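Note on naming: letters A, B, ... go to the chains in the order of the sequence lines (proteins, then strands), and numbering restarts at 1 for each one. What you are looking at is a predicted structure, and each value in this text was computed from that prediction instead of being measured.
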Amino acid sequence: MFKLPAIRIYRIVLAKLNFPEWLLPRAHERLWVCAVHTRVPFRFARWEEENYEDGVKWKFLEHKGPYFAPPYEPLPEDVNFYYDGKPMKLSLATEEVATFYGKMLDHEYTTKKVFQMNFFHDWTEIMTEEEKKVITDLDKCDFTQIHKYYFEKNEARKALPKEEKQLLKLEADKITQEYGYCTLDGHREKIGNFKTEPPGLFRGRGDHPKMGMLKKRIMPKDVIINCSKESKIPEPPEGHKWKEVRCDNTVTWLASWTENIQGSIKYIMLNPSSKLKGEKDWQKYEVARRLKDVVDKIRKQYRADFKAREMKTRQRAVALYFIDKLALRAGNEKEEGETADTVGCCSLRVEHIKLYPKLAGQEYVVEFDFLGKDSIRYYNKVPVLKEVFKNLNRFLENKEPGDDLFDRLSTTSVNKHLQDLMDGLTAKVFRTYNASITLQEQLKALTNEDDNVAAKILSYNRANRAVALLCNHQRAPPKTYEKSMQTLQAKIDAKKEQLSEAKTELKKAKAELKEKDDEKSRKEVERKKKLRERLKEQLMKLKLQATDKEENKQIALGTSKLNYLDPRITVAWCKKFGVPIEKIYNKTQRDKFAWAIDMTDENFEF
DNA sequence: AGAAAGACTTAGAAGGACGCGC
DNA sequence: GCGCGTCCTTCTAAGTCTTTCT
């Protein structure tokens with residue numbers, strides 16, 4: 001009697017509170033018991049702690065373990081490695097590592113000294129004593145036959161008839177069905193990366209000191225399995241054993257192994273479409289929205305701190321100013337020589353900034369030039385507040401170019417401070433917050449209700465682009481850019497031609513109608529009018545395309561869309577302006593943002 | 001308290017799938 | 001139906017932040 005209405009009420013209330021659909025009570029769950037006693041159903045009572053008490057991420061987890069990279073297939077007899085001009089038969093292990101290099105021969109990596117040195121060093125370690133004695137100089141190694149062999153193999157695979165390709169796909173699908181899913185708390189969930197990483201040569205980004213090192217093959221004995229005690233424990237491949245099977249439900253990974261280049265741990269985890277990940281994502285945006293409520297206060301605070309007595313406080317204030325205004329990353333310390341030399345806010349060095357009291361009509365300009373994450377260059381000239389400028393000048397006093405700009409600062413201390421200002425606040429929340437709020441503001445400013453869908457999408461992309469610019473999300477300009485732009489321009493010109501032709505014909509038709517005034521010429525005028533309209537529309541579309549393309553040349557929109565922009569802003573915008581969500585989010589993105597698509601109405605405000 | 005390990009998010013490149021215009 | 005460009009998916013490196021160890 002009481003059951004259904006209670007559920008209905010909770011569904012409505014919780015929906016208003018922006019709970020995603022899959023968190024809402026379902027009729028069969030008999031939530032009325034909890035509802036009566038706790039006001040909020042138990043499974044949502046502590047949703048901020050992932051639904052379960054104290055760090056527990058799941059109650060039941062079952063999976064098949066990772067899918068291992070296929071074993072090495074030796075080269076055919078007639079494919080040779082040459083040393084010093086003579087064919088040389090290699091031992092199996094040595095040959096395998098040689099193929100890693102051979103496959104990459106047309107890649108820029110293999111021209112780099114560091115890559116070559118690291119490769120040769122690690123390769124030597126694999127060689128037999130005899131091989132070691134012979135192969136002493138990489139320059140005398142000839143991998144071209146190996147390269148050719150794999151290149152042709154690849155071409156042959158591409159040229160396979162449709163049916164055979166389909167067959168291969170079917171086999172791959174079967175593997176995905178078997179290994180690509182797990183059962184988590186009664187739901188079948190997709191796994192993100194269910195395959196172990198195959199062996200090969202390490203490809204670091206930027207100027208990486210370890211590029212070319214041998215990435216070893218992952219074996220079952222390297223792998224830790226994580227699952228429920230009462231689940232069907234995955235079987236290791238025949239004749240092998242897992243490193244360990246553990247049942248830790250305070251973590252979300254299904255399997256892990258330690259990688260040999262940096263000694264860090266790699267994990268097999270769920271796909272972003274999963275409930276577990278979706279919930280976490282949603283939580284992230286809720287934290288950013290809480291920042292929205294206190295950001296004014298925090299800004300006031302760090303501005304006041306520009307004049308603080310303690311230098312550490314001043315440094316923290318300036319760092320926060322950068323993190324907030326420029327969306328810089330926190331900038332953890334990195335071990336020297338282990339990775340490429342990149343920095344974030346706290347790890348900025350003197351050499352990364354230049355100060356200009358006046359520059360091109362602006363006052364107090366700071367020029368930033370440094371390599372950030374993935375060795376992407378951050379270059380920006382920004383006018384800053386006078387106090388910031390004066391502080392920076394002081395921080396630079398008596399320092400060498402290689403010294404830390406913020407010598408009294410660490411990400412830990414910045415984050416500790418932020419935590420005191422708001423529960424759950426860390427440096428990266430500013431990136432999320434500023435990205436999302438920018439999207440919302442830009443959409444408001446740029447969207448024109450009377451525009452057609454194509455123009456609205458352009459507005460969306462522009463708003464998205466503003467965010468990508470803020471976050472410095474870059475991409476290499478597509479190699480085909482110039483050419484495809486020319487093609488597009490040619491199309492536009494042709495369309496213009498067509499349009500003017502159509503206009504002339506319409507005029508003619510009109511003249512004829514005036515003259516004859518019969519049904520046939522009336523119809524002709526109508527037809528020509530329609531043609532003109534169609535061409536106009538097409539021309540406009542092409543022009544939009546060109547603008548979009550040009551503005552997008554070096555900017556990557558995907559990263560912000562996927563990681564920084566609260567999807568509810570997008571969903572609400574789509575609903576408000578009648579843009580189908582499929583025009584903005586592809587299938588993967590819709591899966592990832594299912595929670596947002598489900599629960600957001602057009603009035604959502606970030 | 002500081003360092004190291006662990007867990008999880010964010011990132012661009014590469015390669016494959018797919019769709020569009022001829 | 002074919003070739004070409006674009007979009008999407010996959011891959012895994014490289015960050016951030018938390019937890020554990022010393």
Any A/His473 side-chain nitrogen or oxygen under 4.0 Å from OP1 or OP2 of B/dT10:
no
Which part of the nucleic acid, if any, lies within reach of [X] when heavy atoms closer than 4.0 Å are counted: base, sugar-phosphate only, or nothing?
X	answer
A/Arg205	base
A/Gly331	sugar-phosphate
A/Gly344	nothing
A/Ile376	sugar-phosphate
A/Lys428	sugar-phosphate
A/Thr342	sugar-phosphate
A/Pro272	nothing
A/Lys215	sugar-phosphate
A/Ala427	sugar-phosphate
A/Gln474	sugar-phosphate

Less than 4.0 Å between a side-chain N and a carboxylate O, is that true for A/Asp248 and A/Lys57?
no
So that I can tick it off, tell me whether A/Arg349 and A/Glu351 are bridged by a salt bridge, with the cut-off set at under 4.0 angstrom between side-chain N and carboxylate O.
yes
Whole angstroms only, please: what is the CG-P distance between A/Asn332 and B/dT9?
16 Å
Could you tell me the separation between the CZ atom of A/Phe202 and the C1' atom of B/dA13, rounded to a whole number of Å?
14 Å
Can a donor-acceptor pair under 3.5 Å be found between the side-chain atoms of A/Lys266 and the base atoms of C/dT12?
no
Judged by modelled atom types alone, do A/Gln440 and A/Asp566 share a side-chain donor-acceptor pair under 3.5 Å?
no
By nearest-heavy-atom nucleotide on DNA chain B, the more 5' of A/Glu333 and A/Cys471 is A/Glu333
Residue met sooner reading DNA chain B from 5', once A/Lys592 and A/Arg157 are mapped to nucleotides
A/Lys592
Please report the closest heavy-atom contact between A/Pro209 and A/Val114, naming both atoms and the distance.
O-CG1, 3.6 Å
Ring-ring centroid check A/Tyr585 A/Phe593, cutoff 6.0 Å
yes
